[in-house]
Amino acid sequence: MRFDDLNLHPKLLANVAAEGYELATPIQAGAIPHVLAGRDVLGCAQTGTGKTAAFALPLIHRLVSDRNPASDPNAKPKNNHADTRARALVLAPTRELATQIADGFKTYAKGSGLRGVTIYGGVNQNPQVNTLRRGVDVVIATPGRLMDLMNQGHVDLSGIRALVLDEADRMLDMGFIHDIRKIVAQVPKERQTLLFSATLPASIMDLAHRLLTDPATVKIEAATPTVDRVQQFVHFVERSGKADLLAGLIESEGMFRTIVFTRTKHGADKLVKQLKQRGVASEAIHGNKSQNARQRALDNFRRDKVPVLVATDVAARGIDVDHVTHVVNFDLTHEPETYVHRIGRTARAGAEGVAISFCGPDEVAWLRDIERLIEQDLKTVGDVPAWTRRPGKGAPRPGQRPSSGRRQRGTPAKPQGGDPKPRKKHRKGKRSANAAQSNPAGNHGGDRANHGPNARPRKRRRKPRNA
Ligand code: AMP
């Protein structure tokens, strides 16, 4: 579904377009109309599905409309309204998620004049208190610090009209239920409540029953079924060898309709140049490109004028291209869910697809996180260098990604006590050796390797038409 069809303010649509979003994700298409209509929503979706925008966009729309009911929605609202109480409260389990949500609000609400504060523990409270004193429209908070500030009399929740609980299952896992109850008791009963959770165990359904009134339920299927239809390979390769390896594979496998993911915008531009030097045509899409340039690149890719699209994660989300045969993770991602999204670009509508990941020495720990999430090992192609057996190297620092090893497929929740989950020990060495054996076609990184669903060499060779 296109954002234009969702009846959001033109200003919001412009902000969304500036982010490069083309299509609403399923959770957005499902939730936004209900939130706009003022209904309570129970949303079942994981991080990475676009759920922040699913609640932020319609809430911002309502906040702006409520404040200036008679005015042009595109006009900049005045900040001198009499009621300075916060009107929306978003609760999130961790500081990271709260910050991420706040970034989303900032992006989507640009130019609206809405003011917000992000409240979380582990830092000096004074800046947060000062911002609260100046008056805010939206409070985004972790429950613990919010309770602290409430107990000190710094927070007035009597004006809250919209309450969001994000990653509610994690908040319960982390033991926030009592804080949540106390906080909700301070919020007016006349309100709209949105509850998002990756899973819907009995404890969440019980909470939903107590907090929500006649909610619309929006469930997004877990991404894993797609993963099962994608042939997934990994090449262990030093960073300096990645461009050659990619160009070699594109040529030898006759790869087209291939999306290559890089971590950064700069990395995407650089790769386009490197591929060009090696005779492979490609175009990049990322946030620094104008809307026109992005559209042109997409059109060229869709029409097979360019066989390779180099993309950053943010730019690639919401882009709808059928029949993508290969996804290449030129850079691995530290977010396993993002890996699932990336490879979900292929294997659409029941088709099979191929995902090839390049893993450098500093990315091994991320690879293991991905394998843990998808509950399978990627097939190794080529050598398994010694550095793969030092999984500590390059591992995200504890606390950098407390949600890694996210529960999947209904595995039971374990209490976390607010701390990041301990990492499981890796099955050192053995796994990689087995994986290498299970892929006898694989030879050395940089050389030709098979990546077809049947692991046969592809005969098809197609010269880029605009090379
Ligand atoms: P979330 O699940 O809210 O954490 O969103 C994950 C990422 O997807 C964020 O980086 C968003 O900027 C991006 N995103 C959200 N909605 C869309 C969309 N409709 N199209 C493209 N990217 C999106």
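As the structure lists them, so they are numbered: ligands from 1, and atoms in each ligand from 1.
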* Shortest non-hydrogen separation from T142 to R95 and the atoms involved ->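 Smallest interatomic distance, heavy atoms only, reads CG2-N, 3.7 Å.
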* **Rounded distance (nearest 0.5 Å) linking atom CZ of R239 with atom CZ of F358** =>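 Reported value, rounded in 0.5 Å steps: 11.5 Å.
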* To do: Find the distance between OG1 (T118) and CD (Q100) and round it off to the nearest 0.5 Å.
  =>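 Separation between the atoms: 12.0 Å.
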Short list, please: which atoms of ligand 1 are under 4.0 Å from a heavy atom of [X]?
{"X": "T25", "value": "18 (C), 19 (N)"}
{"X": "Q100", "value": "4 (O)"}
{"X": "F3", "value": "19 (N)"}
{"X": "T52", "value": "1 (P), 3 (O), 4 (O)"}
{"X": "G50", "value": "1 (P), 2 (O), 3 (O), 5 (O), 15 (C), 16 (N)"}

* To do: Any pair with a residue in residues 139-150 that passes salt bridge (charged side-chain N to carboxylate O under 4.0 Å, His left out), sequence neighbours left out, goes on the list, sorted by first then second residue, please.
  =>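 For residues 139-150: none.
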* Taking 4.0 angstrom as the limit, do D299 and R302 come out as a salt bridge? ->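 Yes, charged N to carboxylate O under 4.0 Å.
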* In plain terms, say whether D369 and R372 are close enough for a salt bridge, that is, a side-chain N and a carboxylate O under 4.0 Å apart. =>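 So D369 pairs with R372 through a salt bridge.
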Polar proximity ligand 1 side, [X] side, N/O cut 3.5 Å exclusive:
{"X": "E22", "result": "no"}
{"X": "A24", "result": "no"}
{"X": "E19", "result": "no"}

* Asked: Should the proximity of T107 to ligand 1, defined as any heavy atom under 4.0 Å, be assigned to the side chain, the backbone, both, or neither?
  ->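 It is neither part, as no heavy atom is under 4.0 Å.
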* Nearest to atom 15 (C) of ligand 1 by heavy atom, Q28, R2, K51: which? ->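 Among Q28, R2, K51, the closest heavy atom to atom 15 (C) of ligand 1 belongs to Q28.
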* **Residue selection (non-hydrogen contact nearest atom 19 (N) of ligand 1) among V16, T338, L23** =>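 It is L23 whose heavy atom sits nearest to atom 19 (N) of ligand 1.
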* **Partner set under side-chain contact (heavy atoms from CB on, under 4.5 Å) for V136, not counting sequence neighbours** =>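 With sequence neighbours excluded, V136 shows a side-chain contact (heavy atoms from CB on, under 4.5 Å) to A86, V117, T131, L132, V139, given in chain and number order.
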* Compute whether any side-chain donor of one residue and acceptor of the other, for N7 and H61, lie under 3.5 angstrom apart. =>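 Side chains of N7 and H61: no pair found under 3.5 Å.
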